[in-house]
A.B. asks: 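There's a structure below that I have some questions on.
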Amino acid sequence: MQFMSRVGNLVTAAKPNVCAYLLPVARRGSPPFSSSLSVRSSVSTVVDHHNGNGTGYAFHHTSSFILGSPSVGDLEADNCRRDRNHQLSTVSTTIGAPYSTTAINSSNLTYKYPRVLLKISGEALQGKQGFGVDPSVLNHVAEEIAEAHRSGLQLAVVVGGGNYFRGATAPKGMDRAQADYVGMLATVMNALLLQGALENLGIESRVQTAIEMREVAEPYIRRRAIRHLEERRVVIFGAGTGNPFFTTDTAAALRAAEMNANVFMKATKVDGVYDCDPMKNRNAKKYEKLSYRQVCIESLKVMDETAITLCKENDIPVLVFNVMERGNVVRAALGHNVGTVVDGCGAV
Ligand code: UDP
């Protein structure tokens, strides 16, 4: 609660911006998850005390696992199960509870995408404010990640920074590379805010930055990041690729490949890719499936070409979906149709 009111102050003080298909299950060698871990973690120990202004949640821990770290016994049992099952990630849980209005009540869920790279843009975090971070949106995104994490998914998150600063829209005359470094620092602010919100929900996480800043985060180390995922920690990547002239979409595609993620989930404010802006045109047509090629040829605004090319070359499907709808991350990981899928077998 205190944390979120601090977040509230911080974001209010923030300045405006100056200036889709069937892959083999567990395709990229991600370890399957223990159902027992998830059963225990899914017990409704999380109590929503939303205070009406989007700033507070309290959590009641009745399970030793709720903090996200399995016991040694759990890990050993998990390892045995991994040896037995290299193909399927089966999770027994109640997805959606206690937050979801559209909860999926099911047992023995099989994830199509057990290891997820989730990209959250700064724009999504700013909500309707037009700049900075909207605490209620930040909370919502954190809850969505927490729910997916408790349901057994491995989650790596790349955050954007466009809600604070974008190199491309820097003040006239500013060196582009210099401006891009400012943009990368902006992503670190979002990464730390997200970590704080997750911590508030009892979810263990690590921030790794592509530009070293050891006082606030770990430097990016690929193997260590993978280890965190295996040890049931959410990993948040900040500072993009660490290089100017790139975007966080490209950083996310790169990290997805490096993490051997099964899917790149692009969390947005709309429920998929449209042929024109659905906010402006009521007749906008939504695509259910697209090919990487179609995205490039038709210049569809899914992500920049470098990012889509990286996904194509590494055979990583991209899911574009609305992160504001409860339970969508889990549903998407189950392979449900929650937005637009971009992959090598799309419509064209
Ligand atoms: N950026 C960069 N290199 C990277 C990632 C990001 O230079 O690898 C800079 C770039 O200036 C970009 C800004 O950081 O505009 C914020 O990232 P982005 O625009 O991708 O954020 P989003 O649109 O997702 O909020």
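Note that ligands are numbered from 1 as they come in the structure, with each ligand's atoms numbered from 1 the same way.
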A.B. asks: Sequence neighbours left out, what pairs pass ring pair (Phe, Tyr, Trp, His ring centres under 6.0 Å) with at least one residue falling in residues 209-236?
C.D. replies: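 Qualifying pairs, neighbours excluded: Y220-F237.
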A.B. asks: Please walk me through it: do N190 and N163 pass side chain to side chain donor-acceptor pair (under 3.5 Å)?
C.D. replies: CA-CA 9 Å; N190 286 332; N163 51 328; 2.8 Å; yes
A.B. asks: Which ILVMFWY residues can you reach from F246 by hopping between side chains whose heavy atoms are under 4.5 Å apart?
C.D. replies: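 Under the 4.5 Å side-chain rule, F246 groups with nothing.
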A.B. asks: Using the salt bridge (charged side-chain N to carboxylate O under 4.0 Å, His left out) criterion, which residues pair with R222? Sequence neighbours excluded.
C.D. replies: none
A.B. asks: Which residue in the set L310, T248, T250 passes side chain to side chain contact (heavy atoms under 4.5 Å, CB included) when paired with D304?
C.D. replies: T250
A.B. asks: Check ligand 1 for N or O atoms under 3.5 Å from a protein N or O and list each pair with its distance.
C.D. replies:
residue: ligand 1; atom: 1 (N); partner: F246; partner atom: O; Å: 3.3
residue: ligand 1; atom: 3 (N); partner: N243; partner atom: O; Å: 2.7
residue: ligand 1; atom: 3 (N); partner: F246; partner atom: O; Å: 3.2
residue: ligand 1; atom: 8 (O); partner: T241; partner atom: N; Å: 2.7
residue: ligand 1; atom: 8 (O); partner: T241; partner atom: OG1; Å: 2.6
residue: ligand 1; atom: 11 (O); partner: G167; partner atom: N; Å: 2.8
residue: ligand 1; atom: 11 (O); partner: D180; partner atom: OD1; Å: 2.5
residue: ligand 1; atom: 14 (O); partner: G183; partner atom: O; Å: 3.4
residue: ligand 1; atom: 14 (O); partner: M184; partner atom: N; Å: 3.4
residue: ligand 1; atom: 15 (O); partner: G167; partner atom: N; Å: 3.3
residue: ligand 1; atom: 19 (O); partner: R166; partner atom: NE; Å: 3.2
residue: ligand 1; atom: 20 (O); partner: T248; partner atom: N; Å: 2.8
residue: ligand 1; atom: 20 (O); partner: T248; partner atom: OG1; Å: 2.5
residue: ligand 1; atom: 21 (O); partner: G161; partner atom: N; Å: 3.1
residue: ligand 1; atom: 21 (O); partner: G162; partner atom: N; Å: 3.3
residue: ligand 1; atom: 21 (O); partner: T248; partner atom: OG1; Å: 3.3
residue: ligand 1; atom: 23 (O); partner: R166; partner atom: NE; Å: 3.3
residue: ligand 1; atom: 23 (O); partner: R166; partner atom: NH2; Å: 2.6
residue: ligand 1; atom: 24 (O); partner: K119; partner atom: NZ; Å: 2.8
residue: ligand 1; atom: 24 (O); partner: T248; partner atom: OG1; Å: 3.0
residue: ligand 1; atom: 25 (O); partner: G122; partner atom: N; Å: 2.7
residue: ligand 1; atom: 25 (O); partner: G161; partner atom: N; Å: 3.2
residue: ligand 1; atom: 25 (O); partner: G162; partner atom: N; Å: 2.7

A.B. asks: Between E204 and R206, does any side-chain N to carboxylate O distance fall below 4.0 Å?
C.D. replies: yes
